[in-house]
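Let me begin by presenting the structure, written as structure tokens, before commenting on it.
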Amino acid sequence: MTDTVLVIGEPDGAGLAEATLEAVGVAQKVAGPGGVVVGFVGGSDAASRAPAFASAGVGRIVLASDARLDRAPPATLARPAAAAAEGVGASVIVLGGTTFGRDLAGSLAIAFRASAANGVTEAERVPEGVKVRRPVFGGRATEERRLEGGRVVLSVRPHAFPAAHGPGVPLVAEPLPANDVPAVLLAPTRTGIAAVAQGIGPSLTDAAIVVSGGRGVRAPENFHLVDELAASLGAAVGASRAVTDAGWRPASMQVGQTGKTVSPQLYIAVGISGAVQHLIGMVSSRVIVAVNNDPTAPIFRVADYGIAADLFQIVPALTAEIRRVRGI
Amino acid sequence: MEIVVCVKPVPEAESRLRARPDGTALDPEGVKFVLTGYDESAVEQALLLKQEAAGSKVHVVALGPASRTDEVLRASLALGCDTAMAVEGNPASQDDPVAAGRGLAEAIAARGARDLVLFGKQAGDDEEGLVGGAAAEALGIPFVGFVVDLHFDAGTSRLRFGRSVERGQESWESPLPLAVGLQQAWNDPRTATLPAILRSRKAPIARHPSASAAAPTVRSVPIRFALPPPRQGAKMIEFKSPQDAAEKLVRLLREEAKVFP
Amino acid sequence: MVDFSLSSDAESLRDMARKFARTEMAPHAAECDRTSRFPEEIYRKAHALGLMNLNVPSEYGGSGLGLFEECLIVEELAYACGGMATTVIANCLALQPVLLGGSPEQKQRILPPFCATYQIASFCLTEPSTGSDAGAVRTRARRDGEFYVLDGEKAFISNAPHASLYTVFATVDPELRHRGVTAFVVPRSAEGVTPGKDEEKMGHRASATSTVHFEKVRVPVSDRLLGEGDGFSLAMRTLDHTRTPIGALATGIGQAALDHAARYALQRETFGKPIAEHQAIQIKLADMVQEIRAARLLTWFAAWTIDHGGKGSLESAIAKCFASDAAVHAADEAIQTFGGYGYMKEYPVEKLLRDAKLTQIYEGANEIQRTVIARELLRGYT
């Protein structure tokens with residue numbers, strides 16, 4: 001295996017998705033101290049995305065500036081990206097495990113003649129290749145895999161790694177020499193996008209972060225504290241059965257034995273005591289944080305971090321700190 | 001339209017998960033392997049499209065050891081699929097999604113005509129979501145995942161569908177052939193009737209011979225399967241003020257728990 | 001050789017019934033019990049999936065199951081709700097005389113239209129003053145040309161308020177006692193057929209039970225099953241066939257009681273530990289599981305015997321008698337395990353005792369079962 005790693009950039013807004021920057025961090029680790037990370041972007045505005053790579057410390061970018069890719073499926077990038085990786089001598093390709101990255105990874109593995117893993121939470125170079133760890137069975141267990149044979153594709157689970165930030169480096173962008181994508185692969189066309197309605201947020205069962213409120217919130221007028229904390233995290237909002245039974249929030253938001261089961265990366269329980277009925281719905285979350293006035297509340301037995309204090313003080317402070325740290 | 005739907009036998013949701021004594025993989029002892037989750041939706045979607053496109057046939061394919069594939073294939077036949085094919089694949093491909101994709105592509109290509117190939121978004125066990133893209137690339141057809149609301153317009157012979165992404169829902173349209181990773185069918189999965197189940201027990205299952213037995217050198221090898229250690233109880237954060245508590249928590253989440261808000 | 005494991009074919013039927021029972025029936029069991037509601041929408045779904053006409057051969061539009069498979073299904077349904085399972089079993093019971101005694105012409109005329117759409121049938125033998133002594137039925141059938149005219153009253157008839165078809169046992173001459181009993185198939189639409197009001201019952205409240213009044217009901221001769229006087233033995237052969245699924249129904253209720261009790265015992269703590277660690281509770285659970293497992297195996301054996309051509313009177317009587325007693329015992333002990341909570345309607349166990357109790361009474365009271373058992377047993381010694 002070489003120590004050159006290719007990172008596939010996912011266009012987002014004017015630059016690159018946060019998940020791409022997380023992938024850069026992992027790529028740097030896998031490439032090792034002497035290794036090189038090269039970026040790759042496809043699409044008619046590929047060149048405009050390159051600076052975002054440079055700000056994350058990736059100075060060499062390969063561009064597939066092909067307008068045909070703009071509204072084609074993400075999987076269409078497989079052959080150009082494989083060609084780019086071969087062109088720069090990379091044996092590992094890393095991408096963010098978003099819907100974009102996950103759609104691309106399988107096709108990329110075949111095009112690049114590599115082994116692959118989606119949504120890894122740990123990655124480390126080993127003599128045989130790359131060793132990864134990933135959650136399985138809805139987060140109820142984890143597996144480790146060894147990706148062997150000299151060529152590896154891996155996508156990283158969003159929010160599991162820090163985004164790479166600087167130092168900014170000079171940018172060298174080069175075009176991909178040839179971009180042969182068969183017409184049949186370019187046939188599906190994206191005709192539009194409808195944004196998720198404001199205030200709804202990601203779906204409870206798919207969200208990477210969930211913030212739930214319980215009886216400790218005391219009244220429906222106070223639930224906005226939970227909503228605001230969730231918004232600052234880009235999280236889904238859940239509720240305990242006490243809250244949905246009381247009608248403060250619809251039953252579809254209930255997390256628990258008779259509601260939804262969630263296993264996000266991070267679950268924050270606000271004013272929830274931790275009755276067995278609720279725990280069943282969230283206990284397989286990777287990290288659990290509980291905020292509750294009562295230090296003997298059962299939720300603290302399953303949480304990883306606890307703050308035994310008044311949520312009306314803690315939650316606004318937490319929301320403010322998260323906004324500060326995320327720059328929003 | 002010839003519709004192929006690929007399904008994977010996975011442990012049923014209520015299974016107690018246990019690692020094998022050597023810790024490398026799930027202990028299959030006492031575990032029931034069933035058709036479930038996104039695969040069940042994919043079968044449902046295939047059957048709904050069959051209604052939309054008169055004259056269509058649904059061919060269900062499963063890769064894995066025969067003792068497991070046969071049950072999910074019969075369950076799919078009982079739901080209304082027209083034919084069933086079991087692909088044994090080599091032992092490596094049973095655990096390696098990219099190899100499984102290659103194995104399925106070979107079997108699908110050998111089987112004959114295919115206009116639409118449906119996969120569930122991800123398997124209920126490994127949740128890799130790699131098989132669909134890999135099989136599509138090996139077949140040389142386009143692949144789109146996270147698909148919802150899939151419809152066929154018989155007049156134009158084109159598909160239109162949604163794709164559920166982080167930002168919202170994309171709208172797409174495509175000619176055939178196409179491979180799709182399905183997130184959600186437009187209906188809840190149907191239940192097989194008793195008479196259909198009885199008929200499915202006697203229905204023939206075609207068998208595609210295993211590809212080469214030699215393990216490929218490029219592969220993904222599961223080496224460890226672990227359940228999380230039982231939780232010890234929360235680390236209670238000491239703080240001087242709410243702001244202090246907030247700062248401490250965020251720092252712990254970033255640096256110690258490695259969950260990055 | 002014997003084989004106590006289920007084939008994968010049998011498992012797939014059982015799993016289908018289990019899924020239906022747990023997702024469609026169980027969520028509504030408590031509400032139907034509380035309000036004594038006959039959940040037609042659930043029975044319609046059961047019909048659409050082939051779960052209503054289990055014993056009718058597939059060439060007539062039924063599911064054509066053997067008795068063993070029927071028992072697997074009934075146990076799963078009863079696990080979710082005894083009353084809903086009774087509706088299904090009572091429908092099969094009503095069709096059994098047609099299967100056993102109907103001519104090919106009658107079967108072809110009656111069964112396919114019945115099975116094709118959602119319909120319910122009722123078996124009408126019991127009368128206000130005639131239960132166990134079936135030979136003493138007083139409902140009268142008087143011959144009038146090409147018709148019989150039926151007059152009389154049946155009581156405690158499952159499904160009656162909702163049935164479109166009744167299999168009725170009437171006598172052409174009370175002096176003949178059991179030799180006068182004759183079987184008829186009577187549609188609800190026949191003039192003079194009046195089902196009564198749904199009775200208020202202790203349990204099985206999702207099942208509907210009422211009297212059926214027959215007043216000058218004209219039944220064509222072509223709707224008589226077999227000949228005059230053949231009805232009693234037809235009824236007995238029918239009950240031979242349907243006793244065994246009651247064993248399965250009782251087993252399902254008993255298994256539910258055991259599962260509730262065991263799970264509760266692991267959670268509830270007294271004196272510093274889960275009550276499952278106290279010997280008093282362990283002994284209860286041990287007794288419950290022994291009896292429920294025995295009930296299941298006796299039921300399976302009876303079903304297997306009948307499926308293999310045996311008459312099965314002894315085996316089915318044993319299964320029904322033992323399983324119903326076991327279910328009552330298990331439900332009683334389950335309530336005791338729950339303590340005060342077991343007495344509250346908010347918790348699911350008190351319903352199980354109310355449902356289990358009927359299994360000792362209907363389809364042949366256990367007192368009769370014991371005399372049948374003794375009689376059949378002693379035959380083997382003479």
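If you're wondering where the values come from, they're calculated on a predicted model, not measured in any experiment. What's counted below: heavy atoms across the whole structure, side chains too, no hydrogens, waters or symmetry copies. Chain identifiers are assigned alphabetically (A, B, ...) following the order of the sequence lines, protein sequences preceding nucleic acid strands; residue numbering begins at 1 within each chain.
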Review point. How many angstroms lie between atom CG of B:L249 and atom CD1 of A:I322, to the nearest 0.5 angstrom?
Key: 7.0 Å
Check your understanding: Are the side chains of B:V165 and A:I193 in touch, meaning some heavy atoms are under 4.5 Å apart?
Key -> yes
Practice item. Among A:S155, A:G234, A:A75, A:A116, single out the residue with the greatest number of heavy-atom pairs under 4.5 Å to chain B. Key: A:A116
Check your understanding: Stepwise, does the side chain to side chain contact (heavy atoms under 4.5 Å, CB included) test hold for B:V250 with A:L318?
Key -> CA-CA 8 Å; B:V250 172; A:L318 195 49; 4.0 Å; yes
Check your understanding: By a 4.5 Å heavy-atom criterion (distance strictly below it), what part of B:I237 contacts chain A: side chain, backbone, both, or neither?
Key -> both
Review point. Does B:F225 reach the side chain of A:E144, with side-chain heavy atoms less than 4.5 Å apart?
Key: no
Exercise for review: Would you mind checking which part of A:T76 comes under 4.5 Å of any heavy atom in chain B, side chain (CB onward), backbone (N, CA, C, O), both or neither?
Suggested key: neither
Review point. Among B:S171, B:P142, B:G145, which residue forms the greatest number of heavy-atom pairs with chain A at distances under 4.5 Å?
Key: B:S171
Practice item. For the residue pair A:V136 and B:D125, establish whether any side-chain heavy-atom pair is separated by less than 4.5 Å. Key: no
Check your understanding: Relative to chain A, which segment of B:T24 carries a heavy atom at a distance below 4.5 Å: side chain, backbone, both, or neither?
Key -> neither
Check your understanding: Between B:Q122 and chain A, which part of the residue has a heavy atom less than 4.5 Å away: side chain, backbone, both or neither?
Key -> side chain
Review point. Just wondering, do A:E128 and B:V221 contact through their side chains at under 4.5 Å, heavy atoms?
Key: no
Point to revise | Partner chain B: residue of A:L104, A:T121, A:T142, A:L147 with the largest heavy-atom pair count (under 4.5 Å) | key: A:T142
Exercise for review: With a 4.5 Å cut-off on heavy-atom pairs, point out which of A:G129, A:A117, A:G150 contacts chain B the most.
Suggested key: A:A117
Study note, to complete from the structure: If you tally heavy-atom pairs under 4.5 Å between each of B:G101, B:A234, B:G162, B:P175 and chain A, the highest tally belongs to B:A234
Point to revise | B:Q183 portion near chain A, given a 4.5 angstrom heavy-atom threshold | key: side chain
**Study point:** Candidate pair A:I110 and B:R102, rule side chain to side chain contact (heavy atoms under 4.5 Å, CB included), full reasoning
**Key:** CA-CA 8 Å; A:I110 296 287; B:R102 232 185 252 115; 3.8 Å; yes
Practice item. With a 4.5 angstrom heavy-atom cut-off, could you sort out which part of A:V132 is near chain B: side chain, backbone, both or neither? Key: neither
Check your understanding: Looking only at atom types and distance, does a side-chain atom of B:R163 sit under 3.5 Å from a main-chain N or O of A:T99, one as donor and one as acceptor?
Key -> yes
Check your understanding: Contact part of B:A226 toward chain A, heavy-atom cut-off under 4.5 Å: side chain, backbone, both or neither?
Key -> both
Check your understanding: With a 4.5 Å limit on heavy-atom distance, are the side chains of B:K235 and A:D304 in contact?
Key -> no
Review point. If you draw a 6.0 Å radius around CZ in A:R71, do more than 12 non-hydrogen atoms from other residues or ligands fall strictly inside?
Key: no
Practice item. Just give me the residue among A:P182, A:A160, A:A109, A:G119 that pairs up with chain B most often, heavy atom to heavy atom, under 4.5 Å. Key: A:A160
Practice item. Identify which part of A:P135 has an atom lying under 4.5 Å from any heavy atom of chain B, answering side chain, backbone, both or neither. Key: backbone
Check your understanding: Above 12 or not: heavy atoms from other molecules or residues under 6.0 Å from CG of B:D22?
Key -> yes
Check your understanding: Considering only heavy atoms, which portion of B:S164 lies under 4.5 Å from any heavy atom of chain A: side chain, backbone, both, or neither?
Key -> backbone
Review point. Of all heavy-atom pairs between B:P242 and A:I314, which one has the smallest distance, and what is that distance?
Key: CA-CD1, 4.1 Å
Exercise for review: Check the side chains of A:R301 and B:Q232 for a donor-acceptor pair under 3.5 angstrom, ignoring hydrogens and angles.
Suggested key: no
Review point. Should B:D126 and A:F137 be marked as a side chain to side chain contact (heavy atoms under 4.5 Å, CB included) after you check the CA-CA gap, both sets of side-chain angles, and the distance that decides it?
Key: CA-CA 6 Å; B:D126 62 35; A:F137 287 98; over 6 Å; no
Review point. If you tally heavy-atom pairs under 4.5 Å against chain A, which of B:P11, B:A99, B:G132 wins?
Key: B:P11
**Study point:** Most contacts with chain A, counted as non-hydrogen pairs under 4.5 angstrom, among B:P222, B:G129, B:S241, B:A245
**Key:** B:P222
Point to revise | Region of A:I288 that comes under 4.5 Å of a non-hydrogen atom in chain B | key: both
Practice item. Could you tell me which portion of A:A163 (side chain, backbone, both or neither) has an atom closer than 4.5 angstrom to a non-hydrogen atom of chain B? Key: neither
Check your understanding: Does atom CZ of B:R18 have more than 12 heavy-atom neighbours from other groups under 6.0 Å away?
Key -> no
Check your understanding: So do the side chains of B:V218 and A:V152 get within less than 4.5 Å of each other, counting heavy atoms only?
Key -> no
Review point. Is B:E137 paired with A:R79 through a side-chain N to carboxylate O contact shorter than 4.0 Å?
Key: yes
Practice item. Flag the one option from A:R146, A:R190, A:E321, A:E143 with the top tally of heavy-atom pairs under 4.5 Å to chain B. Key: A:R190
Point to revise | Region of B:K121 that comes under 4.5 Å of a non-hydrogen atom in chain A | key: side chain
Review point. Side chain, backbone, both or neither: which part of B:I223 has an atom under 4.5 Å from a heavy atom of chain A?
Key: both
Revision key, fill the gap. One option among A:A105, A:A72, A:P73 has the most heavy-atom pairs under 4.5 Å with chain B, and it is A:P73
Exercise for review: Could you look at B:I141 and say if it's the side chain, the backbone, both or neither that has a heavy atom under 4.5 Å from chain A?
Suggested key: backbone
Point to revise | Among the listed options B:R160, B:R158, B:K248, B:E256, the residue most often paired with chain A at heavy-atom distances under 4.5 Å | key: B:E256
Practice item. Taking atom types as modelled, find out whether A:R145 and B:S220 have a side-chain donor-acceptor pair closer than 3.5 angstrom. Key: yes
**Study point:** A:R151 portion near chain B, given a 4.5 angstrom heavy-atom threshold
**Key:** backbone
Check your understanding: What part of B:L26 gets closer than 4.5 Å to chain A, counting heavy atoms only: side chain, backbone, both or neither?
Key -> side chain
Exercise for review: Kindly indicate, with the supporting measurements, whether the criterion side chain to side chain contact (heavy atoms under 4.5 Å, CB included) is fulfilled by A:T191 and B:W172.
Suggested key: CA-CA 5 Å; A:T191 55; B:W172 286 74; 5.6 Å; no
**Study point:** Selection from B:V144, B:L130, B:L252, B:V131 maximising heavy-atom pairs under 4.5 Å formed with chain A
**Key:** B:L130
Point to revise | B:E128 with A:R134: basic N within carboxylate O range, under 4.0 Å | key: yes
Practice item. Indicate yes or no: at least one non-hydrogen side-chain atom of B:F143 is less than 4.5 angstrom from one of A:P74. Key: no
